[in-house]
Novice: 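Have a look at this one.
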Amino acid sequence: MNEVAIGHQGALNFRVEGTLHSTDGPIENLTVTAELQELRASKNVYDFDGWSGLLSFFEELALNWRGWDGNKNFDSLEGDFRLSAKHDGHVRLSFELGEFDRPTPWAAKGELTLDPGEELTAAVEALRHLLAAP
């Protein structure tokens with residue numbers, strides 16, 4: 001498996017391209033694609049530690065599936081991919097993906113709704129499998 005989709009009415013897709021990671025170390029690059037109604041944005045995003053922060057973010061959401069106060073946040077190393085989650089009976093996952101330090105910057109923003117419990121647990125397991133070092 002080299003791709004994980006999270007969400008059911010719109011999705012965030014995380015894909016490992018064969019040329020974007022070494023065969024003997026952690027995954028450093030993910031192609032993140034946001035799809036939501038008429039929006040489709042894709043970006044190659046870098047991380048140096050095998051995306052442990054992203055996995056921890058989703059693990060914490062799944063662990064606290066009954067709810068939490070405030071927002072839980074994840075920011076990629078270079079700030080070009082951000083997530084913020086709040087719980088109101090469902091998990092509202094806001095995302096921002098973009099190129100901010102270019103002559104022509106762009107950003108794609110949106111929100112997905114996830115069901116707490118099984119959908120979140122399945123997402124964590126799929127991400128664990130995807131991000132496991134080869």
Novice: Which of these passes side chain to side chain contact (heavy atoms under 4.5 Å, CB included) with Leu12: Leu114, Thr33, Val4, Leu83?
Specialist: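 Answer to the side chain to side chain contact (heavy atoms under 4.5 Å, CB included) test with Leu12 among Leu114, Thr33, Val4, Leu83: Leu83.
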
Novice: List the atom of Leu39, the atom of Ala108, and the distance in Å for their closest heavy-atom pair.
Specialist: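 Minimum heavy-atom contact is CD1-CB, 3.9 Å.
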
Novice: May I ask you to check if Arg82 and Phe100 form a cation-pi contact, with NZ or CZ under 6.0 angstrom from the six-membered ring centre and within 45° of the axis?
Specialist: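 Yes, Arg82 and Phe100 form such a contact.
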
Novice: I'd like to check Leu61 versus Lys72 (side-chain heavy atoms, cut-off strictly below 4.5 Å). Are they in contact?
Specialist: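 In short, these two side chains touch, coming nearer than 4.5 Å.
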
Novice: How close do Glu35 and Leu112 get, counting heavy atoms only, and between which atoms?
Specialist: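 Smallest interatomic distance, heavy atoms only, reads O-CD2, 4.5 Å.
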
Novice: When rounded to the nearest 0.5 angstrom, what is the spacing between CD in Glu59 and OG1 in Thr121?
Specialist: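 Answer rounded to 0.5 Å: 11.0 Å.
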
Novice: So, taking the atom named NE2 in His90 and the one named CG in Leu120, what distance separates them when rounded to the nearest 0.5 Å?
Specialist: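 So the gap between those two atoms works out to 12.0 Å.
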
Novice: Mind checking the CG-CZ spacing from Asn29 to Arg15? Nearest 0.5 Å is all I need.
Specialist: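 Rounded to the nearest 0.5 Å, the CG-CZ separation comes out at 14.0 Å.
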
Novice: Would you find more than 12 non-hydrogen atoms of other residues, nucleotides or ligands less than 6.0 Å from Arg40 atom CZ?
Specialist: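 12 or below, so no.
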
Novice: Go through it in stages, so that I can follow the logic: the residues are Leu131 and Phe14, the test is side chain to side chain contact (heavy atoms under 4.5 Å, CB included), and I'd like the CA-CA distance, side-chain angles, deciding distance and then a yes or no.
Specialist: CA-CA 10 Å; Leu131 300 174; Phe14 301 97; over 6 Å; no

Novice: Please check: side-chain N/O of His87 versus main-chain N/O of Asp69, any donor-acceptor pairing under 3.5 Å?
Specialist: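 Side chain of His87 to backbone of Asp69: no pair is present.
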
Novice: Between Asn44 and Val32, is any pair of side-chain heavy atoms under 4.5 Å apart?
Specialist: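 Not in contact.
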
Novice: Do Arg92 and Thr113 have side-chain N/O donor and acceptor atoms under 3.5 Å apart?
Specialist: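 Distance-only check passes for Arg92 and Thr113.
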
Novice: Against Trp51, only a single residue in Val45, Leu127, Leu130 fulfils side chain to side chain contact (heavy atoms under 4.5 Å, CB included); can you say which?
Specialist: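 It is Val45; the other options fail the test.
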
Novice: What class does the angle between the rings of Phe57 and Phe74 fall in, given that below 30° is parallel, 30 to 60° is tilted and above 60° is perpendicular?
Specialist: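 Judged by the thresholds at 30° and 60°, the geometry between Phe57 and Phe74 is tilted.
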
Novice: So do Tyr46 and Glu28 actually touch side chain to side chain, heavy atoms under 4.5 Å?
Specialist: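 Side-chain contact under 4.5 Å: yes.
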
Novice: Within a 6.0 Å radius of atom NZ on Lys43, are there more than 12 heavy atoms belonging to other residues, nucleotides or ligands?
Specialist: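 Above 12, so yes.
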
Novice: Side-chain heavy atoms under 4.5 angstrom apart, residues restricted to Ile, Leu, Val, Met, Phe, Trp, Tyr: same cluster for Leu93 and Trp65?
Specialist: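 Looking at the clustering, Trp65 is in a separate group from Leu93.
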
Novice: So, for Asp47 and Ser52, which heavy atoms are closest and what is the spacing to 0.1 Å?
Specialist: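 That closest heavy-atom pairing would be OD2-N, 4.3 Å.
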
Novice: How about Leu36 and Phe95: do any of their side-chain heavy atoms sit closer than 4.5 Å?
Specialist: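 Side-chain contact under 4.5 Å: yes.
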
Novice: Provide the closest heavy-atom pair for Asp49 versus Pro26 in the form atom of the first, atom of the second, distance.
Specialist: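 Looking at all heavy atoms of both residues, the shortest contact is C-CB, 4.4 Å.
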
Novice: Show the nearest heavy-atom pair for residues Leu97 and Ala34, with the distance to one decimal.
Specialist: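 Minimum heavy-atom separation between Leu97 and Ala34: CD2-N, 4.3 Å.
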
Novice: Would a distance-only check, ignoring hydrogens and angles, find a side-chain to backbone donor-acceptor pair under 3.5 Å from Ser76 to Phe81?
Specialist: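 It does hold such a pair.
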
Novice: What's the separation between atom CD in Glu99 and atom CD in Glu78, rounded to the nearest 0.5 Å?
Specialist: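 Interatomic distance, Glu99 CD to Glu78 CD, rounded to 0.5 Å: 9.5 Å.
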
Novice: Determine the minimum heavy-atom distance between Val91 and Ala85, stating which atoms define it.
Specialist: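 The answer is CG1-CB, 4.2 Å.
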
Novice: Calculate, to the nearest 0.5 Å, the distance between atoms CG and CD belonging to Leu55 and Glu60 respectively.
Specialist: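 Leu55 atom CG to Glu60 atom CD measures 12.0 Å (nearest 0.5 Å).
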
Novice: State the OG1-CG distance between Thr31 and Asn13, to the nearest 0.5 angstrom.
Specialist: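 The OG1 atom of Thr31 sits 10.5 Å away from the CG atom of Asn13.
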
